[in-house]
Structures are given as structure tokens and as C-alpha cells.
Amino acid sequence: MVQKITRVTTVEQGVYPVPDIPIKALLGAIPSHCFERSLLRSSTYIFWDFFVIGCIYKGASALDPLIDPRYIYLPHPLVYSALRFALWALYTFGTGLFGMGIWVLGHECGHQAFSNSKTVNNIVGFVLHTSVGVPYHSWRISHAKHHASTSHMTQEQAYVPHTRSELNLPPLKQGQEDLLGSRVSDVVRRELYDALGDSPLGAITTTIFYLLAGWPAYLLFNTSGQKRYPMGTSHFNPSSPMYASRDYNQVVISTIGIAAWASSIATAIYHNGLGTVAVIYLIPYLWIHHWLVLITFLQHTDPILPHYRAAAFTFSRGALSTLDRSLMGDCGSIMAWLGAHATHGLAETHVLHHVCSKIPHYHAWEASAALKEKIAGYGLPHEGRPIGWCEFYRVLKECKFVEDEGDIVFFKNEEGVAVMRPAFHDGST
């Protein structure tokens, strides 16, 4: 009888040094003036974002009539249509990018980083976020819980990993794979790949769905949100378990704001036509929330980042389990500058933002540099690859599930392999 030998693949994993840095020490590394908030200074950024968006619209409107045989010779009539399409496509891109800046300023209001007045912050934040289709208070409340429990498996509010059992995967096979994901037999790899593996087309389709529908799906249905919440959990339902009874009226007010926003869009379509409203507002709206999902997913999702269960979680561990990334940095330095400028450094100073969310964006760069100097000696990963579609695709394929066991877990890929393992200061894992 010939025995079939099962081959086991062993990977060399990186080591994640689980931090024990008191939050007081992290905050103490930041210059004191970085915590100062100025209503006047913050307001200038609102003006600037709307000014740039207005200039983009005026520029496109002025150039559109010039794409005409009377003013420019092109070799074929269809080229005129193609050029006009490209002009307005560029308009939607630019408007969506700086519209993301409007979203960021509303987000700062929700963190009380816009000014020293809570009343001013909430009024400005409500107006800004409602203008881009965000239920301000509803999201502000759940987002505060995200900050309090970042990367906590049962308290985190967004981008919560699926576990092995939630995906109905076969139980861990002792001897053929290990809990940390460093050893996996060929049999198990094939079994998991059959269950989780995406074709290139399937992965691209999933990427498009996430980027275009992920945000409204999260608000409406808690898609990718906390798994322990029941069916019917929604940012528009004041009785959802993410809200306390004291939040009821604020959720209702936010929902009324979104109803008014949707009614305004419907009225604009009635008077101006769907095509015009789609180009001027709806497509830029999709761009805004495309940027939102693209940025925030990649800040919190990567095979090198840990997720914690209650026994191992601390606030500082959660805050440091995120990544700074360069928005559009994969497209060159000019596009990287544009992305950071238009979105007020949201992607580039994210670790700092989780350490202290009340620091306004115009101080975040200096504060982030000071924080990075503080944690430099701990060996923590805090810089990720640039943000772009290819990176989103890569992370989506490499981050499939985490194990049901373990206080600190890392994503495993479609073959059950994890690239990182945790290590404490005493050398234990």
C-alpha cells in the first residue's frame, strides 16, 4: 500500500509587537498648541472647498461651448462628444475629491475638532454632512463608538472581520494547520480556496460594489458593521442597538435632514432633468463616498494589522492598530499632494486621529510627526502602501477571515495563511 503524503506549507511570518503604551504617554508627545481649535481658521477651509468646487464648475461650463467645430477642429464628430464627456468626467472627479474635503470638515465637527463650541460644531456639521447625504448625528454617535473600540472584535462598528465560523468554513484541522496561520497543508489550502477564492472578475465586481454601494449599504443595513447587531440595525432607525434612548431625537433629526436632502434632489431632477443632476451632483456624490470607503477601508484593513478580543483590548492598542496611507500616492507625487490637500490629510494622519480625534486637521501634520517620533522605537507598522484601486483589490483578496479563537487575531487569506503573528514584550504569543 502506498501512503499519500500530505505536504504542509510553512510561511515565515512577521512579528507584531503588541504595544503597552499608556494613552497619556502618546498624548504627551504631541505639542500642546496642536490641541487648539479655531472657528475662524476652520471656517476658511469650508470657504476654500466650496470655492474650488465652484471654480471647477465654472471652468467646465466655460469650456463646454468651446468644444465645437466653430472653435476647434477635430478629425471626427464623435471626438467632440468624447472630449465633452472627458471634460465633465474630470469635473465630477474634481468635485467629488473636494467634496470629500467637505465630508472631512463635517467629520471634524462630529469630533468637536472644528471649534470650541459644541453648538457651533453640531450646527455646521449637520449642514455639511446633510449636504453630502450623511445623517450627521446618527453617524457621529456610531463613529464615536468606532473610535472608542477600534479593532475590537465585538465592539467595533465598521469593517469588522468575518470569523471562520461566520463564513461556515470547515473547523480548524489540528495537525494540518495552526491557529496563527503559519502552517497549512495543501489539502486545507485547496479546501479554503474552493470556499473563499475569487476569480479576477469576481474580485473586481466585489471591489466596485464596495466602492460605489458600500457606504449607503452600511448606513442602511449595517453591512460590514458589528456582527452581533440584529437584522434591521440601521443608522436611520433610532431604536437600533447602537443607540441609547438619549440618542433617539438626534437620530430622528438626522433622518429628517436626509429626507429633506433626498427631496431636494428629486425636486432638482424634476426641474432640470436626471442627466443634468446626475452630472452636476449625483456622480460627484458617488465619488465622495467612493473616496470615503476607499480611504477608511484601507486605514483599518490590512493583513499586517491586529484585531483584539476583550481580554487583550486597550484604547491605545486599538488606536495604534490603524495605518497612515497616501491618497493617490501610487499616481505620483503631484496626485499625492492633491489628494492630501483636497481631503485635509484624512488618509495621511489617521493614526494620530485615533490617538486624539479632537486635533483639527491643520495641526494634524505636526502632531502626527511628533507621535511617529514617539512610537518609532516600538516597531509598530504605521505606514501602509498608497491608497488606490489596486491596493484595495490586493487587501480585499488577502483579508478573508480571522479565527474564532485567540485574543489577538490577524487576517488569513483565501488559503488560510496569515502574514503576521502577535508577540508580547515577554516573548509570548
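The model shown is predicted, which means the values in this text are computed figures rather than measured ones.
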Checklist entry - Which word best sums up how the rings of Tyr281 and Tyr285 line up, parallel for under 30°, tilted for 30 to 60°, or perpendicular for over 60°? => result parallel

Checklist entry - Quick one: salt bridge (charged side-chain N to carboxylate O under 4.0 Å, His left out) pairs with a partner in residues 80-96, sequence neighbours left out? => result Asp64-Arg84

Checklist entry - Does a donor on one side chain and an acceptor on the other come within less than 3.5 Å for Ser142 and His235? => result yes

Checklist entry - Are Phe401 and Phe411 close enough that their ring centers fall under 6.0 Å? => result no

Checklist outcome for this item: In this structure, CH2 of Trp389 is separated from CG of Leu396 (nearest 0.5 Å) by 15.5 Å

Next on the checklist: Ring centres under 6.0 Å, that's the criterion: do His353 and His361 meet it?
Outcome noted: no

Checklist entry - Could you state the interatomic distance from OG (Ser326) to CE (Met335), rounded to the nearest 0.5 Å? => result 10.5 Å

Checklist entry - Trp337 vs His341 aromatic rings, parallel, tilted or perpendicular, using cut-offs 30° and 60°? => result parallel

Item to check | Phe51 atom CZ, neighbour heavy-atom count above 12 within 6.0 Å | outcome: no

Checklist outcome for this item: Per side-chain hydrogen bond (donor to acceptor under 3.5 Å, both in side chains), Gln155 is matched among Arg228, Gln226, Arg309 by Arg228

Checklist entry - So, Tyr136 and Asn122: side-chain donor and acceptor under 3.5 Å apart, yes or no? => result yes

Item to check | Under 3.5 Å: donor-acceptor pair, side chain of Ser234, backbone of Leu220 | outcome: yes

Checklist entry - Which heavy atom in Pro241 sits nearest to a heavy atom in Lys145, and how many Å separate them? => result O-NZ, 4.4 Å

Checklist entry - Are the aromatic rings of His354 and His146 close, with centres under 6.0 Å apart? => result yes

Item to check | Exceeds 12 heavy-atom contacts within 6.0 angstrom, atom CH2 of Trp48 | outcome: no

Checklist entry - Between Ile283 and Tyr91, is a side-chain contact (heavy atoms from CB on, under 4.5 Å) present by the stated rule, with each step listed? => result CA-CA 10 Å; Ile283 297 176; Tyr91 159 82; over 6 Å; no

Next on the checklist: When you measure from the side chain of Arg385 to the backbone of Arg325, do you find a donor-acceptor pair of N or O atoms at a distance under 3.5 Å?
Outcome noted: no

Next on the checklist: Is the ring pair Tyr210/Phe297 parallel, tilted or perpendicular, if the boundaries are 30 and 60 degrees?
Outcome noted: tilted

Checklist entry - Quick one: are the ring centres of His344 and Tyr362 less than 6.0 Å apart? => result no

Checklist entry - Within a radius of less than 6.0 Å around NZ of Lys173, do more than 12 heavy atoms belonging to other residues, nucleotides or ligands occur? => result yes

Item to check | Gln13 (side chain) donor-acceptor with Ala418 (main chain) under 3.5 angstrom | outcome: yes

Item to check | Side chain Asp49, main chain Ile46, donor-acceptor under 3.5 Å | outcome: no

Item to check | Ring centre gap for His307 and His152 strictly below 6.0 Å | outcome: no

Item to check | Under 3.5 Å: donor-acceptor pair, side chain of Asn272, backbone of Val277 | outcome: no

Checklist entry - Below 6.0 angstrom between ring centroids: does that apply to His137 and His129? => result no

Item to check | Among Glu177, Gln176, Glu415, Glu414, the one residue meeting side-chain hydrogen bond (donor to acceptor under 3.5 Å, both in side chains) with Arg189 | outcome: Glu415

